[in-house]
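Notes follow once the structure below has been shown.
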Amino acid sequence: MKAVGLTNALTDFMDIEIAQPKPGTHDLLVKIKAISINPVDTKQREATKLSEEEVRILGWDAVGEVVEIGSDVTLFKTGQEVCFAGDVTRPGAYAEFTLIDERLVGAKPRSLSVEEAAAMPLTTITAWEALFDRLGIVEEDSGKSILIINGAGGVGSVATQLAANIGLEVIATASRPETIEWTKNHGANHVINHRENLTKQLKNLGYEKGVDFILCLHNTNAHWDDMQEAICPQGKICSIVELAEPVKMSLLKDKSATFSYEFMFTRSKYDTDDKVKQHEILTKAAHMLDGGMLQTTLNKVLSPINAATIEEAHQIISSGKMIGKLVVKGFE
């Protein structure tokens, strides 16, 4: 089968032919139709260290058709269109066929095109887990406030919608006219500039005591002091970006505030007992997308799936200027 591979000896992607994999007991063999490129792809690429004989297949955000199932599969049948964000410990979706545990998979939303659906799995799971698992937001929190740093990115575009749907007052950050407009269109009540002091801007909006929740989706170190100042006493902060260097947490202690991380691959990487929750999240999100409560964050499509197009996609993502999601569609 066709695939786009990466080796340690070759810095660029290359078009390769590899054997089609066979599903394990809980696996689906999925014929790939479209894939979404995320910052995690570029980070995994940078971390790849292989011998000259080894090839790594990246890509963990895709839509395709189930063509074969493992012996213990109960959630899906062959012929179904599915979407998933995958498992970073296994070969990814830059290939004509890939294997994925059924418990990490959802049915493709019926109302969306293949490209629109491919834009959603990884960012939706990340936003959902960050808001509801890590920050612990519940329906009773309606009316409380949340600051979302980097509202126009892939995760921010979904998190803003989910937070608005539950009734939170959403303050998102953006710095360019086009990102400000995008963020407002996805449900933000207010937009402030992450290149300026966040606490001062929040006070100017009337949040004198700070905000109840903060979701950081960009450069945790750069925003750390601002977040400590901006969070309410007993408030909660979650970030998806690892700290690059140590920080002081004394103000968080003084406020009895909570800090947590969200990493979408935790459940699959550590084979947690509750990893089927990602199937449940994608199922709920599909109903919301089909019901108009969520909208796709697709903003750019490239084609076909080959080494040159994947390379172009990585360059776009690495620029840091991508608004919403980028999808690559179809093998030739």
Would you say the side chain of Leu215 lies within less than 4.5 Å of the side chain of Leu147, judging by non-hydrogen atoms? no
Exactly one candidate in Asp133, Asp87, Thr272 meets side chain to side chain donor-acceptor pair (under 3.5 Å) with Arg267; the answer is Asp133
Smallest heavy-atom separation, Tyr207 atom then Ser145 atom, equals CE2-CB, 3.7 Å
Quick test of your reading of the model: are Asp141 and Lys144 salt-bridged, counting only N-O distances below 4.0 Å? yes
I need the full list of side-chain hydrogen bond (donor to acceptor under 3.5 Å, both in side chains) pairs touching residues 292-305, with sequence neighbours left out, sorted by first then second residue. none
Does Lys2 come within less than 4.0 Å of Glu332, counting only side-chain N to carboxylate O? no
For Ser113, enumerate each residue passing the side chain to side chain contact (heavy atoms under 4.5 Å, CB included) test, keeping only those at least two apart in sequence or located in another chain. Glu115, Glu116
Identify the two heavy atoms, one from Ala62 and one from Ile35, that lie closest to each other, and give their separation to 0.1 Å. CB-CG2, 3.8 Å
Using side-chain contact (heavy atoms from CB on, under 4.5 Å), reason through Asn150 and Val155 one step at a time and then give a plain yes or no. CA-CA 9 Å; Asn150 192 20; Val155 177; over 6 Å; no
State, without any angle test, whether Asn193 and Ser175 hold a side-chain donor-acceptor pair at a distance under 3.5 Å. no
Does anything in residues 311-326 pair up under side-chain hydrogen bond (donor to acceptor under 3.5 Å, both in side chains), and if so which pairs, sequence neighbours excluded? Ser36-Lys325, Asn38-Lys325, Arg45-Glu311, Asp61-Lys325, Tyr94-His314, Glu311-Gln315
Contacts satisfying side-chain hydrogen bond (donor to acceptor under 3.5 Å, both in side chains) that involve residues 154-163 (not counting sequence neighbours) are Ser157-Trp182
Please answer: with hydrophobic residues joined when any side-chain heavy atoms are less than 4.5 Å apart, are Leu104 and Ile69 in the same cluster? yes
Can you see which heavy atom on Asn221 is nearest to which on Ala244, and at what distance? OD1-N, 2.6 Å
Residues pairing under ring pair (Phe, Tyr, Trp, His ring centres under 6.0 Å) where one sits in residues 107-161, two or more places apart or in two chains, turn out to be Trp128-Phe132
For Lys31, salt bridge (charged side-chain N to carboxylate O under 4.0 Å, His left out) partners two or more places apart: none
Under 3.5 Å, is there a donor-acceptor pair between the Glu129 and Gln278 side chains? yes
pair Leu58-Phe13: side-chain heavy atoms closer than 4.5 Å: yes
Quick one: closest heavy-atom pair of Lys209 and Pro233, and the distance? O-CD, 4.3 Å
